[in-house]
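Below you'll find the structure, written out as structure tokens, and then a few comments.
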Amino acid sequence: MQLSLQKLFENYLNKKSIFVNKDALTIKYTPYDIPHRDEQINLCAQILAPSLRMERPSNLFIYGKTGTGKTVTIKHVCSELEKVANDKNISLKVIYLNCKMRKVADTEYRLIAQLAREMGVDVPATGLPTDEVYNLFYKAVDDKELIILIILDEIDQLIKKTGDEILYNLTRINSELTKAKISIIGISNDITFKSNLDPRVRSSLNEEEIIFPPYDALQLKDILESRSKIAFVNGVVSEAVIAKCAAFAAREHGDARKALDLLRVAGELAERENCETILERHIDEADEKIETDQVVELIKGLPKQSLTVLYAILSMDKFNEENSENHTGLVYNLYKNLCLKAGLKNLTQRRVSDLINEFDMMGIITTKVISKGRYGRTKEIELNISKETSEKLSKIIEENLNI
DNA sequence: AGTCCACAGGAAGGGCAGGCGA
DNA sequence: TCGCCTGCCCTTCCTGTGGACT
């Protein structure tokens with residue numbers, strides 16, 4: 001057994017890889033050239049340029065769907081800005097935080113604590129009053145003249161979770177500082193995000209905004225071509241494969257991230273099969289694999305109660321005898337039976353309703369509040385994942401819960 | 001027009017774990 | 001050790017709601 005593993009690893013090392021730089025297809029890669037985003041890059045640069053004169057740039061809000069290049073663009077502009085600032089000895093600091101990262105920046109306390117940590121202050125994960133954390137941050141920031149650009153990615157998720165008070169507090173930070181100046185750069189997938197804010201918060205923002213439109217299939221093709229040149233050995237990716245990737249991603253609101261993921265996973269599948277080129281069927285397989293992997297990754301680490309609710313949702317169709325719409329009541333009944341089977345104490349319907357909403361936010365299901373007249377108002381639940389993924393998930397949950 | 005259903009979802013608060021400072 | 005603070009998970013209580021039915 002051990003010997004064959006050794007052989008496998010040796011074979012792997014001796015094999016010629018079809019990748020040259022796989023990182024070029026991942027989210028962490030910041031390309032020097034970002035196709036079809038010149039206008040947005042210039043706008044960002046114009047808005048942030050005053051920082052080079054030690055003037056506080058306007059707060060900036062960037063809107064656009066997933067994979068429209070928001071993050072990569074702002075990171076690119078900021079890194080160029082930092083280069084110039086370094087050359088000219090200008091005190092400029094850029095802090096990037098993703099508000100969706102659980103346990104990092106998903107509450108007001110954690111966000112400010114993380115900002116303070118970025119400024120080199122050690123803040124405990126819990127235990128201090130929030131005011132105190134703000135004070136620690138002020139002290140860390142305000143010891144010299146400095147421009148700080150705070151990029152808050154997926155800010156809509158933070159506001160959804162904690163309310164918009166935090167945004168008001170953030171914009172007021174400048175009035176507490178004497179030397180340093182702070183600008184907030186918010187990135188949101190939700191274009192209606194701003195309209196849901198309290199008017200008081202909206203006026204305190206006083207911001208500029210840039211909207212990133214989705215890429216079309218031709219633009220996605222360009223992006224894939226430029227990245228595949230960096231990522232793969234010459235000749236591995238055919239034009240047909242790129243066109244197919246682009247078409248797949250264009251189908252989903254022009255998501256470049258999805259297109260790059262497809263190409264990367266298809267490459268990995270081809271390499272595993274010892275193919276020297278990526279075939280079109282690898283794209284189909286990659287599409288399936290990405291969906292399953294993403295959902296499995298999402299549910300990893302979820303508590304047993306959430307998994308039981310998800311299992312109830314996954315098995316709705318089997319138990320829906322009248323074959324009517326699947327709704328909250330049905331899920332709750334299934335869930336209670338599952339709890340009995342698994343020896344768990346069941347939660348209240350109120351709480352289960354929140355857990356169902358969480359799965360909706362994760363994108364595993366889609367829910368819609370409907371009224372059935374005198375038969376009540378409820379939430380219609382529809383699965384967003386393929387049958388194969390659903391079956392795989394069910395198996396994982398069964399093993400986890402011993403049911 | 002009024003009733004009624006089956007919830008949705010907001011608000012308040014309890015209980016717990018965990019960190020910090022006195 | 002104790003009191004105080006936090007986040008998190010959860011319950012309880014409550015009001016609101018769209019449309020079929022009477």
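Throughout, a chain's letter reflects where its sequence line sits, starting with A, and its residues are numbered from 1.
Between A:Ile370 atom CD1 and C:dA20 atom P the separation is 11 Å, expressed in whole Å. Between the CD1 atom of A:Ile356 and the P atom of C:dC10 there is a distance of 14 Å, given to the nearest Å. Atom OH of A:Tyr134 and atom P of C:dT6 are 13 Å apart (whole Å). Summarising the geometry, the separation between CZ on A:Arg350 and P on B:dA12 is reported as 14 Å, rounded to the nearest angstrom. The distance between atom CZ of A:Arg377 and atom C1' of B:dG9, rounded to the nearest whole Å, is 9 Å. The CG atom of A:Asn346 sits 12 Å away from the C1' atom of C:dT11 (whole-angstrom rounding). Between A:Lys345 atom NZ and B:dG15 atom P there is a gap of 13 Å when expressed in whole angstrom units. One can place CG of A:Leu330 at 14 Å from C1' of B:dA6, the figure rounded to the nearest angstrom.
Of the candidates A:Ile18, A:Val241, A:Val20, A:Ile18 is the only one forming a side chain to side chain contact (heavy atoms under 4.5 Å, CB included) with A:Val236.
Residue A:Ser371 places no side-chain N or O under 4.0 Å from the OP1 or OP2 atom of B:dA6. Phosphate proximity of B:dA6 to A:His327: absent, as no side-chain N or O sits under 4.0 Å from OP1 or OP2. At the phosphate of B:dA8, neither OP1 nor OP2 sits under 4.0 Å from any side-chain N or O atom of A:Asn357. Proximity of A:Arg351 to the phosphate of C:dC10: a side-chain N or O atom is located under 4.0 Å from OP1 or OP2. Checking the phosphate oxygens (OP1, OP2) of B:dG9, a side-chain nitrogen or oxygen of A:Lys379 falls inside 4.0 Å.
Nearest-nucleotide mapping onto DNA chain B: of A:Arg374 and A:Ser353, the residue sitting toward the 5' end is A:Arg374. Projected onto DNA chain B by closest heavy-atom contact, A:Gly376 and A:Thr328 fall at different nucleotides, the more 5' of which corresponds to A:Gly376.
Environment of CD in A:Glu39: sparse, with no more than 12 heavy atoms of neighbouring residues, nucleotides or ligands closer than 6.0 Å.
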Stepwise side-chain contact (heavy atoms from CB on, under 4.5 Å) test for A:Asp23 and A:Thr26: CA-CA 5 Å; A:Asp23 281 350; A:Thr26 61; 4.3 Å; yes
How far apart are the C-alpha atoms of A:Lys395 and A:Glu391, what are their side-chain angles, what is the distance that settles it, and do they pass the salt bridge (Lys or Arg N to Asp or Glu O under 4.0 Å) test? CA-CA 6 Å; A:Lys395 265 193 200 128; A:Glu391 279 165 11; over 6 Å; no
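In this structure, the nucleotide among C:dA20, B:dC7, C:dC10 sitting nearest to the side chain of A:Tyr375 is C:dA20.
Checking A:Glu268 against A:His282 by side-chain atom types alone, no donor-acceptor pair falls below 3.5 Å.
Across all strands, A:Asp354 comes closer than 4.0 Å to no nucleic acid atom at all (heavy-atom distances).
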